[in-house]
Number of protein chains: 2
Amino acid sequence: MNFSKTSKYALRILSHMAKDETAQYSAQQLHEDINIPVRYLRRLLTDLSKSGFIKSTHGRNGGFTFSRSASQIFLSEIVDSVDGFESINGCILGYDSCAFDYKCPMHVIWQETKQKVINTLKNTSLHDLRKNDLVFD
Amino acid sequence: MNFSKTSKYALRILSHMAKDETAQYSAQQLHEDINIPVRYLRRLLTDLSKSGFIKSTHGRNGGFTFSRSASQIFLSEIVDSVDGFESINGCILGYDSCAFDYKCPMHVIWQETKQKVINTLKNTSLHDLRKNDLVFD
DNA sequence: ATAAAATGCTACTTAATTTTAGTATTTCTT
DNA sequence: AAGAAATACTAAAATTAAGTAGCATTTTAT
């Protein structure tokens, strides 16, 4: 169970962008909106472009827009693309063999909880988040 | 949502010790049993002693034993003592203000899932794990 | 007594993650 | 054509996390 800071950033970026799904955002603008160091943010935006969530347009009035509908981007995909799905799905005690051997003492107990996490991430799209974004500024 | 490697180690150590709850384990022995670098393991064991989960006896036949019953040590306490409870309970997007302002877009959606994780950790003792430790060696 | 086998303390080193910097390229505006 | 405002690429610096080393101390066995 492990979300890196970078994953959190990615989720923050994209969930923010989802508020106005068709708008174009520049790195500078996003930096002012959410609180992520601007140079690192830029790198992440490039990564998210490469991963196919957003696309960039270059040049003066450039920026980033979604490359597919926010209702079709699920949180699990985002975490997967940054940290890898193993970060969520892997053994909670860090044993490599656990997944196929069911060896670890926490395997049975953790299974259901883990599944709940995975399901939430798999079933929640960026569009779904927007509905719940009541008072964020 | 963030379990550090060190937290995983701590869980591994203690869940392994819980298999024979009254036994005494040396760092060397534990190192051979579970796969954690021996010097780091020793440091963690000292930390876990200070946190009150186990107690150490010095000298030649020394080692570590539980300082309270494994049925009274809950996984949440272990994670809390190593990474801090915030690592589990904190905002999934990393916003500081989320907890009291309910500001973050994922707050509502994540709430229930997070609670499931917390409940599992809070309700599972090291003794409970033992029951589920079917084939681990 | 002395050596062996254990923990405890403190500092150091390495590795991974996060952040910053510099420079190139693209595109629009004027 | 030139400058402004954007992204892209690569390298480096800073920070944090993980792992290692040395030496001191404690206890037991011989």
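Labels below follow one simple rule: chain letters A, B, ... track the order of the sequence lines, proteins then strands, and each chain is numbered from 1. These numbers were taken from a predicted model, which means no experiment stands behind them. The basis for the numbers below is simple: all heavy atoms, side chains too, and nothing from hydrogens, waters or symmetry mates.
The nucleotide whose nearest atom lies closest to any side-chain atom of A/R39 is, among D/dA8, C/dC9, D/dT10, D/dA8. Of the candidate nucleotides C/dG8, D/dA5, C/dT23, D/dA5 has the atom lying nearest to any side-chain atom of A/R60. Nearest to the side chain of A/R42, among C/dT7, C/dG8, D/dA8, sits D/dA8. Among C/dT19, D/dG19, C/dT23, the nucleotide with an atom closest to any side-chain atom of A/Y40 is C/dT19.
Between B/N61 and the phosphate of D/dA29, there is a side-chain N or O to OP1/OP2 separation shorter than 4.0 Å. Of the side-chain N and O atoms in A/K5, none sit less than 4.0 angstrom from OP1 or OP2 of D/dA17. Checking the phosphate oxygens (OP1, OP2) of C/dT7, no side-chain nitrogen or oxygen of B/S56 falls inside 4.0 Å. Between B/S4 and the phosphate of D/dA17, there is no side-chain N or O to OP1/OP2 separation shorter than 4.0 Å. When the side-chain nitrogen and oxygen atoms of B/T6 are compared with OP1 and OP2 of D/dA18, one or more of them lie within a distance under 4.0 Å. An OP1 or OP2 oxygen of D/dG19 is reached within less than 4.0 angstrom by a side-chain nitrogen or oxygen of B/Y9.
The nearest whole Å value for the distance from the CG atom in B/L48 to the P atom in C/dG8 is 11 Å. In this entry the distance linking NE2 of A/H31 with P of D/dT7 reads 13 Å, nearest Å. As a whole-Å value, the separation of B/K8 NZ from D/dG19 P is 12 Å. In this entry the distance linking CD of A/Q29 with P of D/dA5 reads 14 Å, nearest Å. Atom NZ of B/K55 is separated from atom P of D/dT26 by 20 Å (rounded to the nearest Å). One interatomic measurement links the two molecules: CD1 of A/I36 to C1' of C/dT17, which rounds to 15 Å at whole-angstrom precision. For the pair A/L41 CG and D/dC9 P, the computed distance is 16 Å after rounding to whole Å. Summarising the geometry, the separation between CD1 on A/I13 and P on D/dT7 is reported as 12 Å, rounded to the nearest angstrom.
Side-chain contact annotation: B/S125 with B/Q72, donor-acceptor N/O pair under 3.5 Å absent. A donor-acceptor contact closer than 3.5 angstrom is absent between the side chains of A/S4 and A/Y9. Residues B/D83 and B/S7 have side chains that bring a donor and an acceptor to within less than 3.5 angstrom of each other. Checking B/Y25 against B/T65 by side-chain atom types alone, no donor-acceptor pair falls below 3.5 Å.
Ring pair B/W110/A/F3 is tilted by interplanar angle, where 30° to 60° counts as tilted.
Heavy-atom nearest nucleotides on DNA chain C were determined for B/Q28 and for A/V38, and the one closer to the 5' end corresponds to B/Q28.
Under a 3.5 Å cut-off, the side chain of B/N89 and the backbone N or O of B/F85 do not form any donor-acceptor pair.
Backbone-only engagement by B/K50 is indicated by non-hydrogen atom pairs under 4.0 Å involving sugar-phosphate atoms exclusively.
With hydrogens and angles ignored, a donor-acceptor pair under 3.5 angstrom links the side chain of B/R43 to the base of D/dG19.
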